[in-house]
A.B. asks: 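What follows is a single structure, and I will ask about it in a moment.
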Amino acid sequence: MNNFKSIRFGSLLAIALFTILISCGRDEIVVTPVDNNDPIVFPEPSAVITTSIYGHIIDVDEEALEGAEVTCLSCVTEMKMTTDSDGNFLFQDVENKGNSAYISIEYPGMFKAFRRFGVLEDRFNYTEVKLKNKDSIGELDANTGGTLTHSSTATVTFTGNSIVDASGMPYSGSFEVYADWIDPSAADLNQNMVGDLSGIDETGALQALSTYGMLTVELLDEQGNELNLLEGEEAVLKFPVPQSMLGDAPSTIPLWSYDEVHGYWIEEGEAELIGAFYEGSVGHFSSWNVDTKGEAINVSGQVLLRAAGQEITTAYYQVFVCGTTIGQRGGWLCEDGTYLFFNFPANEPFQIKVLDYCGELVHTESFNGFSDDEELNTIIINGGPDIELKRVSGNAVNCDFEAISNGLANLTIDNKTITFPIVNGQFDHTVTICDDIEVTMTLYDSDNLTFSDEILFSSLGAEFTFDDVFICKDVENFIQYSVNGVQERFSAIMSDEELSLAISAGGPTAHLVYNDINSNSRLLFLNLQNGSFVNEVFYTNDLQIRVSENILAYAFWTSDPQPIEVVLTEADLSNNIYSGYFKGKVEDDDGIEYQVSGSFRYK
């Protein structure tokens, strides 16, 4: 059964598994070489895997962004959701195309972001994305062109009469240029990077890239409509090269544009090093990148912590690889401390750095380059006296003492939250604590939309065992539905503020509406009838299932076939309390019919 489920808790907690260019599993892909006259053939996954995709979205000040729209582009069925109040999102138990997840993130006033990262089957896979402000660098007249400079000293130069509108017609008015430069030497490159460092070169071969800088450029007319370059015309981009990288910068370097649909950098010409800048001409606008390229290999291994007489996994520690030409790249370890850097440049000397929860550097080790895939020896980190271990284990049950088959355990340590799965009613995890602080834990039943009381841990003691933790509290407000019976498309748990009830002024009907932070109808629009009785079947001819601003499916029938069947299990109009379920047929904009069913609760 294909189970597409996205669960959104009131406060999704940042699971750190792995991110850019790092994975706990190997991403096997098939690449078909092409010559320069053929269309680009993109890598294809060799298998579909079931996995969970989890992440944290922040702004340039490292503040969480609530309401950012995240799209899973690598899911077999494309899915969308918005981040919660802590900036977190979770696509749980989705079918993904191969061992590489590809997502996009949108938020008002910021550049659209893209991220590709490795994922492992049946695991929670984590990434962090930092959205950049969409700032204008100036205005130009399309008839005359000109040069504009970004605060980083990157520049964009246009010739006159070289701009077209979205339909390809020449544009002659003024236009605004928005740009952002991504520093290849920055410590937060893994959060800022467009996509990842996977590219397809001019021969059609998949390449591992090493970046010397990225530029995102957008052109908008006075009404905010996108513009681009006239076919055959070019603009000139100048990328500043950081002083720390200038000594190793080659005199010429491949120039790459980002394909947002497929999620790969595409080689398009080259740039020349002139002074402290790479300068190159481009024939269209998207994100551009100056990178060296090379054969790709995989480097894998495991990191363990030796403390208090035992070796434990370093779940969610950060791990980076650093080198003269590859810069710094990396992400987070898997829950068992394993890692895999995929599409890693061959024959490049590098250093591995490991950081603990507190951001302290706890291990460094240097390696010569490898020509083939390499599994490194296990790294053992000797914990210091200030590291406190806590083992948390026990059983998770519902109110009938039945084991929870599918759930999450959220541990909050200071301001950091670590999430582990509950499997067959059991959880058993050991974590490290850097300071004398308190820990809280909350358990969730993902299938039944319930949660436990918050459990507080004293700073004393090293082991906490719970015979039975009851997960009995209902999440009061939710909407969930499935399509075609076996494909659960979306399931959401919402706070009181996110789910609203709107009473129609013109008649005896009530509409159950879920609005996102931008007041867009998000999931379900269901016509509830005031005259309905509890547990009595009635029918509605007005049902819409929405994802973001797009209607996924809808029904509006006043005659046969019969509209959606709805059963209210609870209805109190005076206090705006509703719960129930529905089933029936809907059709999309192309007239294709789907069987749908679902349930809802509003209190």
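As the structure is a computational prediction, the values presented were derived from the model and not from experiment.
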A.B. asks: For Glu226, look at atom CD and say whether over 12 heavy atoms of other residues, nucleotides or ligands are found less than 6.0 Å away.
C.D. replies: no
A.B. asks: Less than 6.0 angstrom separating the ring centers of Phe175 and Phe158, yes or no?
C.D. replies: yes
A.B. asks: Identify the heavy atoms of Tyr171 and Glu222 that sit nearest to each other, and give their distance.
C.D. replies: OH-N, 4.0 Å
A.B. asks: Report the C-alpha separation of Leu140 and Ile163 in whole Å, then their side-chain angles, then the decisive distance to 0.1 Å, and conclude whether the side chain to side chain contact (heavy atoms under 4.5 Å, CB included) test is met.
C.D. replies: CA-CA 11 Å; Leu140 292 174; Ile163 306 299; over 6 Å; no
A.B. asks: Would you check if Leu227 and Phe285 make a side-chain contact, meaning some heavy-atom pair closer than 4.5 Å?
C.D. replies: no
A.B. asks: Would you say Ile103 and Leu73 make side-chain contact, with heavy atoms under 4.5 Å?
C.D. replies: no
A.B. asks: Could you tell me whether the side chain of Met110 reaches within less than 4.5 Å of the side chain of Asp59, counting heavy atoms only?
C.D. replies: yes
A.B. asks: Could you please spell out the steps behind the salt bridge (Lys or Arg N to Asp or Glu O under 4.0 Å) verdict for Arg115 and Asp196?
C.D. replies: CA-CA 6 Å; Arg115 178 57 41 82; Asp196 72 341; over 6 Å; no
A.B. asks: Val119 and Ala101: which non-hydrogen atoms are nearest, and at how many Å?
C.D. replies: CG1-CB, 3.5 Å
A.B. asks: Among side-chain atoms of Glu176 and Ser136, is any donor-acceptor pair under 3.5 angstrom?
C.D. replies: yes
A.B. asks: Regarding Ser257 and Glu268, do their side chains bring together a donor and an acceptor under 3.5 Å, going by distance alone?
C.D. replies: yes
A.B. asks: Supply the atom-to-atom distance Ser74 OG to Asn96 CG, rounded to the nearest 0.5 angstrom.
C.D. replies: 3.5 Å
A.B. asks: Would you say the ring centers of Phe350 and Phe344 fall short of 6.0 Å from each other?
C.D. replies: yes
A.B. asks: Go through it in stages, so that I can follow the logic: the residues are Glu95 and Ile49, the test is side chain to side chain contact (heavy atoms under 4.5 Å, CB included), and I'd like the CA-CA distance, side-chain angles, deciding distance and then a yes or no.
C.D. replies: CA-CA 6 Å; Glu95 288 195 327; Ile49 66 171; over 6 Å; no
A.B. asks: Any chance you could measure Asn347, atom CG, to Asn368, atom CG, to the nearest 0.5 Å?
C.D. replies: 10.5 Å
A.B. asks: Test the Lys238-Phe277 pair against the cation-pi criterion, namely NZ or CZ under 6.0 angstrom from the six-membered ring centroid and within 45° of the ring axis.
C.D. replies: yes
A.B. asks: With a 4.5 Å cut-off on side-chain heavy atoms, are Arg116 and Tyr264 touching?
C.D. replies: yes
A.B. asks: Give a yes or no answer on whether the side chain of Asp165 reaches the backbone of Ser167 with a donor-acceptor pair at less than 3.5 Å.
C.D. replies: yes
A.B. asks: May I ask you to decide whether Glu260 forms a salt bridge with Lys112, counting only side-chain N to carboxylate O separations under 4.0 Å?
C.D. replies: no
A.B. asks: First locate atom CZ of Phe117, then atom CG of Asn190, and finally report the distance between them rounded to the nearest 0.5 Å.
C.D. replies: 12.5 Å
A.B. asks: Treating Thr83 as the side-chain partner and Gly67 as the backbone partner, does any N or O pair qualify as donor plus acceptor under 3.5 Å?
C.D. replies: yes
A.B. asks: Ignoring hydrogens, what is the shortest heavy-atom contact between His262 and Tyr102? Give both atom names and the distance.
C.D. replies: C-CE2, 3.9 Å
A.B. asks: Closest approach of His56 and Phe89, non-hydrogen atoms and distance?
C.D. replies: N-CE2, 4.0 Å
A.B. asks: Can you check side chain to side chain contact (heavy atoms under 4.5 Å, CB included) on Phe320 and Leu355, steps first, answer last?
C.D. replies: CA-CA 8 Å; Phe320 294 95; Leu355 281 66; 4.2 Å; yes
A.B. asks: Got a second to check how far Gln302's CD is from Tyr339's OH, nearest 0.5 Å?
C.D. replies: 9.5 Å
A.B. asks: Write down the atom of Ile266, the atom of Ile40, and the distance for their closest heavy-atom approach.
C.D. replies: CG2-CD1, 3.3 Å
A.B. asks: Is any side-chain heavy atom of Trp256 closer than 4.5 Å to one of Leu209?
C.D. replies: yes
A.B. asks: Rounded to the nearest 0.5 Å, how far does CG of Asn228 lie from CD of Glu233?
C.D. replies: 12.0 Å
A.B. asks: Flag yes if more than 12 heavy atoms outside Lys132 fall under 6.0 Å of its NZ atom; otherwise flag no.
C.D. replies: yes
A.B. asks: If you compare all heavy atoms of Thr211 against all heavy atoms of Leu197, which two are closest, and at what distance to 0.1 Å?
C.D. replies: CB-CD2, 4.0 Å
A.B. asks: Below 4.5 Å, heavy atoms only, C-beta onward: do Glu62 and Lys130 meet side chain to side chain?
C.D. replies: yes
A.B. asks: For a 4.5 angstrom cut-off between non-hydrogen side-chain atoms, does Trp265 reach Ser287?
C.D. replies: yes
A.B. asks: With no hydrogens and no angle check, do the side chains of Thr216 and Asp180 hold a donor and an acceptor under 3.5 Å apart?
C.D. replies: no
A.B. asks: Asn161 versus Asn143: any side-chain heavy-atom pair under 4.5 Å?
C.D. replies: yes
A.B. asks: Checking side-chain hydrogen bond (donor to acceptor under 3.5 Å, both in side chains) against Lys293, which of Gln207, Glu202, Glu267 comes through?
C.D. replies: Glu267
A.B. asks: Report the C-alpha separation of Val303 and His363 in whole Å, then their side-chain angles, then the decisive distance to 0.1 Å, and conclude whether the side chain to side chain contact (heavy atoms under 4.5 Å, CB included) test is met.
C.D. replies: CA-CA 10 Å; Val303 180; His363 183 81; over 6 Å; no
A.B. asks: To the nearest 0.5 Å, tell me how far Asp291 CG sits from Tyr212 OH.
C.D. replies: 9.5 Å
A.B. asks: Checking the side chain of Asp188 only, and the main-chain atoms of Gln191 only, is there a donor and an acceptor separated by less than 3.5 Å?
C.D. replies: no
